[in-house]
Amino acid sequence: MAEKNLNTLNNTPNILGLTFKQLRLAKGLTQKEVAGELSTTSLSHFENGKCIPHVDHFLKLLRNINVNTYEFQFLYNLNQRHSDVTVFDSRVSMAYYKRDVIQLKAILDEIINLEQDNPNIRHYKLEKVRVKAVISLLEPFEIKTKEINFLKTYLSEIKEWGQYDIKLFGQCSHLFDGYTLWDLTNNMISPTQKILKLQCTRHALIDAVLNVISQLIHLKFYSLTTDFITFLENINIDDRFLYEKITLVYDKAILQYVAGDVEAAKIIKKCKEDLVFYNCYDTVNLIQRDLDNLEINE
């Protein structure tokens with residue numbers, strides 16, 4: 001396409017073009033090999049920050065370098081972080097798995113500063129609640145009722161759940177009562193949700209539903225979990241996600257045990273043994289807590 005079909009960047013940081021160029025070079029591709037409908041001059045202008053292609057042209061460029069939008073977004077986020085802290089997901093997840101509360105609180109301070117500079121951007125308000133929720137999983141941490149209600153309102157009003165919303169809900173599920181969890185989860189897994197057909201989104205959905213089931217069991221809302229377990233069984237969790245499959249078997253066994261099936265204790269213990277084998281010790285500790293609470297002897 002002619003360069004007249006490009007929009008001027010107005011001297012904004014060229015993170016988009018820089019990211020694309022990094023990926024193109026990493027694939028060993030020349031501008032001529034990927035330009036497609038664009039001229040190589042137009043592509044060069046894009047990579048050097050002089051202009052930006054229309055969305056449909058940009059998506060074709062990604063196809064031509066054999067990169068999907070999720071991969072591009074990941075590298076873009078890494079580059080963006082050097083100039084503006086706007087995406088925290090991977091940093092929060094890494095800090096949580098390292099149980100690094102100091103790092104989580106540092107991220108929280110960054111978000112609070114960004115929120116103060118951008119008071120109308122709802123994203124920062126949501127991120128603030130999310131990071132607080134993650135911290136509260138590691139140590140006692142105050143989260144105001146109005147913040148929880150703000151998050152609840154946001155989730156309740158979603159018409160099409162995306163990966164961000166699903167992960168947000170899953171990480172904050174312990175902030176809600178059982179009935180709110182039931183209501184929000186039903187909205188999230190509704191057959192009307194088109195985006196759930198994406199594999200990466202479905203994986204996030206599985207994790208979120210498992211978090212909800214765990215929380216409902218913790219709250220002893222056993223009757224509300226049945227439909228969610230059936231939902232996960234029906235979507236056939238991929239064998240690559242072994243941890244999730246074991247967790248589902250474990251949750252179902254817990255429900256069977258509290259319903260009076262003492263034989264389910266054998267399944268619970270077997271799940272614990274499997275997780276020990278795979279070095280999932282944080283989960284093993286949670287299972288041991290459940291074994292103690294249910295008075296299931298080793």
Side-chain angles (χ1 to χ4, degrees), residues 1-97 107 114 121 123 126-127 130 160-168 170-171 193-208 235 237-244:
M1 288 292 180
E3 193 169 333
K4 62 185 177 65
N5 288 325
L6 301 176
N7 301 318
T8 302
L9 279 172
N10 295 324
N11 297 320
T12 56
N14 180 36
I15 300 173
L16 196 70
L18 171 66
T19 303
F20 181 86
K21 183 176 182 179
Q22 287 177 338
L23 287 167
R24 177 180 64 78
L25 294 176
K27 298 283 186 174
L29 298 168
T30 65
Q31 290 181 336
K32 184 177 181 179
E33 289 175 313
V34 305
E37 296 177 351
L38 294 176
S39 66
T40 54
T41 299
S42 296
L43 178 56
S44 179
H45 286 172
F46 167 45
E47 292 185 344
N48 290 298
K50 296 179 180 179
C51 54
I52 186 169
H54 291 158
V55 173
D56 57 341
H57 297 154
F58 175 67
L59 293 176
K60 290 176 182 178
L61 286 173
L62 288 184
R63 179 201 62 194
N64 292 346
I65 63 171
N66 306 314
V67 170
N68 63 42
T69 55
Y70 299 103
E71 293 169 331
F72 183 86
Q73 181 72 53
F74 178 76
L75 185 56
Y76 175 84
N77 291 345
L78 292 178
N79 288 331
Q80 178 80 349
R81 193 170 302 137
H82 293 299
S83 59
D84 181 23
V85 184
T86 59
V87 180
F88 302 92
D89 185 59
S90 60
R91 295 173 62 201
V92 170
S93 297
M94 185 176 298
Y96 171 73
Y97 287 120
I107 295 172
L114 284 167
I121 303 299
H123 175 72
L126 293 170
E127 285 293 277
R130 181 168 78 98
E160 186 67 54
W161 287 67
Q163 188 178 42
Y164 174 83
D165 308 310
I166 293 168
K167 294 182 71 173
L168 174 68
Q171 291 174 325
Q193 299 295 317
K194 302 179 184 64
I195 202 73
L196 299 185
K197 296 178 182 178
L198 291 173
Q199 185 61 40
C200 61
T201 305
R202 286 168 64 85
H203 188 202
L205 178 73
I206 291 167
D207 286 340
I235 65 174
I237 300 175
D238 194 291
D239 286 348
R240 292 173 297 168
F241 307 131
L242 183 60
Y243 175 84
E244 287 80 357

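We number each residue from 1, following the sequence as shown.
- Of the possible polar contacts, none joining the Asp165 side chain to the Trp161 backbone as a donor-acceptor pair under 3.5 Å is found.
- Ile235 CD1 to Ile237 CD1: the interatomic distance, rounded to the nearest 0.5 Å, is 6.0 Å.
- Residues Ser44 and Asn48 are in side-chain contact: their nearest non-hydrogen atoms beyond the backbone lie under 4.5 Å apart.
- With contacts defined as side-chain heavy-atom distances shorter than 4.5 Å, the pair Phe20/Ile15 does not qualify.
- Between Phe46 and Phe58, the closest side-chain pair of non-hydrogen atoms falls below 4.5 Å.
- Panel note: side chain Asn68, backbone Glu71; a donor-acceptor pair is recorded below 3.5 Å.
- Among residues two or more places apart in sequence or in another chain, the side chain to side chain donor-acceptor pair (under 3.5 Å) test is passed with Glu47 by Arg24, Gln31.
- Side chains of Glu127 and Tyr164: a donor-acceptor N/O pair is present below 3.5 angstrom, by distance only.
- Interatomic distance, Asp239 CG to Glu244 CD, rounded to the nearest 0.5 Å: 11.5 Å.
- Going from atom CG of Leu23 over to atom CD1 of Ile65 covers 5.0 Å, rounded to the nearest 0.5 Å.
- Side chain to side chain, His203 and Gln163 fail the donor-acceptor criterion of an N or O pair below 3.5 Å.
- Rounded to the nearest 0.5 angstrom, Asp56 CG and Leu61 CG are separated by 10.0 Å.
- Contact check for Gln171 versus Ser93: side-chain heavy atoms found under the 4.5 Å cut-off.
- In this view, Lys167 and Asp89 satisfy the salt bridge (charged side-chain N to carboxylate O under 4.0 Å, His left out) rule, not counting sequence neighbours.
- The CG atom of Leu16 lies 6.0 Å from the OH atom of Tyr76; values are rounded to the nearest 0.5 Å.
- Looking at Leu59 and Thr69, their side chains come closer than 4.5 Å, going by heavy atoms from C-beta outward.
- A donor-acceptor contact under 3.5 angstrom links the side chains of Ser39 and Ser42, judged on distance only.
- In this structure, Leu43 CG and His57 NE2 are separated by 12.5 Å, a value rounded to the nearest 0.5 Å.
- Closest of all the heavy-atom pairs between Pro53 and Leu38 is CB-CD1, 4.3 Å.
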